Undergrad: 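Quick one: structure below, then a few questions.
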2 protein chains.
Amino acid sequence: MPKLGMEPIRKQALVNATIVEIGRVGSLDVTVSQIAKRAGMSSALAHHYFGSKEEMFLAAMRHVLTLYGAEVRGALAAADGPDARLRAILRASFSPMNFRRDVVGAWLNFWVLAQSVPGAKRLLGVYQGRLRSNLRACLRPRADAAQIADGLGALIDGLYLREVLKDGPADGARAVAVALDYLDARLRGANAS
Amino acid sequence: MPKLGMEPIRKQALVNATIVEIGRVGSLDVTVSQIAKRAGMSSALAHHYFGSKEEMFLAAMRHVLTLYGAEVRGALAAADGPDARLRAILRASFSPMNFRRDVVGAWLNFWVLAQSVPGAKRLLGVYQGRLRSNLRACLRPRADAAQIADGLGALIDGLYLREVLKDGPADGARAVAVALDYLDARLRGANAS
DNA sequence: TCGTTTATTGACTCGTCAATCAACAAAAGA
DNA sequence: TCTTTTGTTGATTGACGAGTCAATAAACGA
């Protein structure tokens with residue numbers, strides 16, 4: 001049975017299974033056995049490839065973040081002009097992939113993980129920093145670019161949160177609409193206060 | 001030692017200890033023993049008063065929600081006019097009490113809890129419903145009241161989130177400023193798109 | 001061919017923790 | 001006084017789960 005070069009395949013399967021299981025259970029209280037089972041292997045093998053459960057969580061987090069980053073980069077590449085780039089970031093952030101129930105559930109639990117695991121906190125910091133700098137870049141000429149970007153970043157996270165708790169299916173288009181609604185108003189309005 | 005009428009005192013102590021411990025550990029992975037110890041009693045007594053750990057979590061959540069509700073109600077009572085009432089809700093939401101590190105940590109974990117415990121989900125639903133109806137009431141005359149309220153609610157939650165992850169101390173005043181910044185722009189601007 | 005590396009698992013260890021229980025202490029009531 | 005109610009805990013149970021280990025097997029390299 002044992003074919004060589006299994007490591008990357010097994011790891012990927014475990015990462016996917018981790019995300020699915022976290023989303024299914026709705027918390028980080030998933031056992032390595034559950035994850036391994038879903039990935040079609042024994043828990044011992046999971047421990048063999050990732051040294052620990054925490055390492056598995058971090059790998060899953062890294063994967064989600066990587067996918068998101070790729071999506072944003074792709075959307076940005078196809079947009080020119082600051083305005084179009086802003087909208088591209090929003091659309092990417094609320095794309096169906098990011099709104100898959102398990103992915104959003106994973107994000108939520110990663111936020112919690114970041115409270116206690118420094119590695120997780122660092123990863124989230126990288127994501128937030130990139131998002132912030134992307135947003136600011138689109139708003140650079142304005143004096144209040146930083147404040148607008150911070151608010152918009154928070155709005156994105158908040159809209160995410162709402163979707164997790166909703167009963168029905170997530171509605172990315174609506175989230176984009178709400179965000180654009182505020183952003184447009186803020187961009188047009190005088191820089192208040 | 002045993003004085004009578006201990007029940008409410010013990011329960012309150014446990015609820016407070018639960019919030020503190022969740023905030024300290026940064027997750028729901030707190031043992032009943034830890035909580036009981038901080039509350040100055042044995043874990044057996046904790047189980048005696050609340051039947052289970054889950055019941056303790058729900059009681060703590062109810063308490064946080066009650067405090068928040070009282071704060072909003074108090075702020076609303078002292079404000080007249082829709083505009084002042086909107087600002088009152090914002091100020092109450094970002095009051096120092098709600099930005100205490102452990103309280104915000106508790107909120108974050110309650111969001112996670114709501115994913116798997118129906119009772120928790122119901123409680124959060126009540127909170128969100130009240131917040132939404134309060135916000136809408138302040139915006140009633142407008143045709144787009146619902147959309148503005150939804151965005152503002154999400155913005156509040158998102159700003160919360162940012163504070164949890166920050167390293168330094170939480171800054172409620174800044175959050176209020178960012179929220180007002182967007183809200184003012186949105187209220188003044190044409191109802192876009 | 002034979003040792004080495006990679007893949008894989010079942011069984012096991014060790015710790016932890018929620019929940020229970022038996023027992024004890026003090027107040028209230030009869 | 002005696003009994004019932006309330007408060008309180010140490011010890012115990014029972015389950016579960018992360019991580020380890022020994023053993024097996026296939027491929028590879030020399």
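In the text below, chain A, chain B and the rest are named by the order of the sequence lines, each starting its count at 1. Computed from a prediction, not measured in an experiment: that's the story for all the values here.
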Undergrad: Indicate the atoms forming the closest heavy-atom contact of L187(B) with R142(B), along with that distance.
TA: O-NH1, 3.1 Å
Undergrad: Can you pull out every salt bridge (Lys or Arg N to Asp or Glu O under 4.0 Å) where at least one residue sits in residues 88-101 of chain B? Sequence neighbours excluded, please.
TA: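 Passing the test, one end in residues 88-101 of chain B: R100(B)-D102(B).
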Undergrad: State, to 0.1 Å, how close A60(B) and F110(B) come at their nearest heavy-atom pair, and which atoms those are.
TA: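 Minimum heavy-atom separation between A60(B) and F110(B): C-CZ, 4.0 Å.
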Undergrad: So which of residues 50-59 of chain B are in contact with DNA chain C, with a heavy-atom cut-off of under 4.0 Å?
TA: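 Within this stretch, S52(B), K53(B) sit under 4.0 Å of the strand.
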Undergrad: Within residues 22-31 of chain B, which residues have any heavy atom lying less than 4.0 Å from an atom of DNA chain C?
TA: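 By residue number: V30(B), T31(B).
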Undergrad: More than 12 foreign heavy atoms under 6.0 Å from CZ of R174(B): is that the case here?
TA: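 Open.
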Undergrad: CG of L4(A) versus C1' of dT8(C): gap in Å, rounded?
TA: 13 Å
Undergrad: H47(B) NE2 to dA18(C) P: how many Å, rounded?
TA: 6 Å
Undergrad: Using a cutoff of under 3.5 Å, can you pull out all pairs of nitrogen or oxygen atoms linking the protein to nucleotides 9-11 of chain C, with atom names and distances?
TA:
unit_1 : atom_1 : unit_2 : atom_2 : d
dT9(C) : OP2    : S42(A) : N      : 3.1
dT9(C) : OP2    : S42(A) : OG     : 3.3

Undergrad: Search all heavy atoms of F94(A) against all heavy atoms of A179(A) and return the closest pair with its distance.
TA: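 That would be CE1-CB, 4.3 Å.
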Undergrad: For K11(B) and dT8(D), what is the distance between atoms NZ and C1' respectively, to the nearest whole Å?
TA: 16 Å
Undergrad: Specify the closest pair of heavy atoms between S93(A) and N98(A), including all atoms of both residues, with the distance to one decimal.
TA: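 Residues S93(A) and N98(A), closest heavy atoms: O-CB, 3.5 Å.
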Undergrad: For Q12(B), look at atom CD and say whether over 12 heavy atoms of other residues, nucleotides or ligands are found less than 6.0 Å away.
TA: yes
Undergrad: If a pair satisfies salt bridge (Lys or Arg N to Asp or Glu O under 4.0 Å) and one of its residues is in residues 24-49 of chain B, list it, with sequence neighbours excluded.
TA: E21(B)-R24(B), E21(B)-R38(B)
Undergrad: When you check the gap from the basic side-chain N to the acidic O, do D150(A) and R162(B) get nearer than 4.0 Å?
TA: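 No salt bridge links D150(A) with R162(B).
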Undergrad: Write out all pairs satisfying ring pair (Phe, Tyr, Trp, His ring centres under 6.0 Å) with one or both partners inside residues 42-83 of chain B, taking only residues at least two apart or from two chains.
TA: Y68(B)-Y127(B)
Undergrad: Side-chain N or O of Y49(A) versus OP1/OP2 of dA7(C): is the shortest distance under 4.0 Å?
TA: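 It does, given that an N or O in the side chain of Y49(A) lies less than 4.0 Å from OP1 or OP2 of dA7(C).
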Undergrad: Given atom NZ of K37(B) and atom C1' of dT9(D), what is their separation to the nearest angstrom?
TA: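 My rounded result for the distance is 15 Å.
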Undergrad: Using a strict threshold of under 4.0 Å (side-chain N to carboxylate O), is an ion pair present between D184(A) and R87(A)?
TA: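 A salt bridge is present here (some side-chain N lies under 4.0 Å from a carboxylate O).
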Undergrad: Whole-Å distance between dA27(C) P and M6(B) CE?
TA: 11 Å
